[in-house]
Amino acid sequence: MNGSLTLTTNQFNPNPYWDMAIIDKDEDIFHDPSNLDLFDQNGYRLTELEQYYATANYAKIQAHRYEVVLRQDWLYKPEQTLPFNGPHLNHSFLFERKGYIGEALSQLEYYAKSNFLLYKLINIRPKWGIDFSMDYTDESGNSFEVLHYEYDGFDHEEINDKKKTCEDKFINIDWDFAAQHLIKHKSEWHQLDFFAQSAWKCDYFGLPDERFKEVLWK
């Protein structure tokens, strides 16, 4: 691989909740259904109203594709250059989604009396997740995911332990060797569906099965 992986110093925020109310916006934001459009019940996309709470609670949000999320870089690579002949990191992130307590929860419960959509936020269970993707291309025209591994859940300690286990493994994998192994054994995994491919690769890399898109409502 063109450069080895390096671990960032970024860590999950163990605080599961936002407790500070929104005080710098007109109360109409709680009555506008569009502020909860496209609510993501099993991922990390933040609605407009969640973004207001993120700002009120001094959280750093980032654009992620077409979404806005609580996201940090996890593992990273040195700058890679053309022609990208071999394994290369697609992405590696830490994700979070917050629940509500204290003044933030009281504020939501007050306005939920006239806008039941707010129960979508009130009933959020805090959630953390890891997302790692190593891709491969070469001069022979091969292109595939060497490994795309996602794991999330509602217990910070569990997901943080999973993070540490995975980062130790990912840093020490010989990605060039692994990619060549996958090419050699392509007939065993390429024709499989998404979940069967994931199981095959998790078995090869010695990882527990993926777990993601856990529904976050209570």
(message) So does Phe93 get a backbone contact from the side chain of Asp131, meaning a donor-acceptor N/O pair under 3.5 Å?
(response) no
(message) Using modelled atom types and a 3.5 Å cut-off, is there a donor and acceptor pairing between side-chain atoms of Ser106 and backbone atoms of Gly102?
(response) yes
(request) Quick one: pull up CG in Leu94 and CD1 in Ile159 and give me the separation to the nearest 0.5 Å. (result) 11.0 Å
(request) Kindly indicate whether the side chain of Met134, heavy atoms from C-beta on, has any atom under 4.5 Å from the side chain of Leu5. (result) yes
(message) Using ring centroids (six-membered ring only for Trp), state whether Tyr53 and Tyr100 fall under 6.0 Å.
(response) yes
(message) Check for me whether Lys127 meets the cation-pi criterion with Tyr44, that is, NZ or CZ under 6.0 Å from the six-membered ring centre and within 45 degrees of the ring axis.
(response) yes
(request) Give the intermediate values and the outcome of side-chain contact (heavy atoms from CB on, under 4.5 Å) for residues Arg125 and Trp217. (result) CA-CA 6 Å; Arg125 289 185 289 172; Trp217 280 322; over 6 Å; no
(message) Thr55 vs Ile22, test: side-chain contact (heavy atoms from CB on, under 4.5 Å). Steps then yes/no.
(response) CA-CA 8 Å; Thr55 299; Ile22 300 169; over 6 Å; no
(message) Assess whether a salt bridge exists between Arg211 and Glu158, defined as any Lys/Arg side-chain N lying under 4.0 Å from an Asp/Glu carboxylate O.
(response) yes
(message) Using 0.5 Å steps for rounding, measure from the CZ atom of Phe95 to the CH2 atom of Trp128.
(response) 15.5 Å
(request) Before giving the answer on ring pair (Phe, Tyr, Trp, His ring centres under 6.0 Å), spell out for His148 and Phe132 the whole-Å C-alpha distance, their side-chain angles and the decisive distance to 0.1 Å. (result) CA-CA 6 Å; His148 191 173; Phe132 176 90; 8.6 Å; no
(message) Would you say the ring centers of Tyr204 and His181 fall short of 6.0 Å from each other?
(response) yes
(request) Kindly indicate whether a cation-pi arrangement holds for Lys162 with Tyr151, taking the cut-offs as under 6.0 Å to the six-membered ring centre and within 45° of the axis. (result) yes
(message) Rounded at 0.5 Å granularity, tell me how far CD in Gln41 sits from CG in Leu216.
(response) 7.5 Å
(request) Check Phe177, Trp200, Tyr149, Trp175 against Phe205 for a ring-ring contact (aromatic ring centres under 6.0 Å, His included) and give me the one that passes. (result) Trp175
(message) With a sphere of 6.0 Å drawn around CZ of Phe84, does it hold more than 12 non-hydrogen atoms of other residues, nucleotides or ligands?
(response) yes
(request) Would you sort out whether Glu50 and Arg45 count as a side-chain contact (heavy atoms from CB on, under 4.5 Å), showing the intermediate values? (result) CA-CA 9 Å; Glu50 287 176 278; Arg45 177 190 178 275; over 6 Å; no
(request) Could you grab the distance from atom NZ of Lys113 to atom CG of Leu108, nearest 0.5 Å is fine? (result) 12.5 Å
(message) If we count only N and O atoms by modelled type, under 3.5 Å, do the side chains of Tyr136 and Asp138 hold a donor and an acceptor together?
(response) yes
(message) Tell me whether Arg97 forms a cation-pi arrangement with Phe12, defined as NZ or CZ under 6.0 Å from the six-membered ring centre and within 45 degrees of its axis.
(response) no
(request) Start with the C-alpha distance between Ile183 and Asn142, add both sets of side-chain angles, then the distance that settles side-chain contact (heavy atoms from CB on, under 4.5 Å), and finish with yes or no. (result) CA-CA 8 Å; Ile183 291 173; Asn142 290 301; 4.1 Å; yes
(request) Mind checking the CZ-NZ spacing from Phe144 to Lys186? Nearest 0.5 Å is all I need. (result) 8.0 Å
(message) With clusters defined by side-chain heavy atoms of hydrophobic residues (ILVMFWY) lying less than 4.5 Å apart, directly or transitively, does Tyr52 cluster with Tyr119?
(response) yes
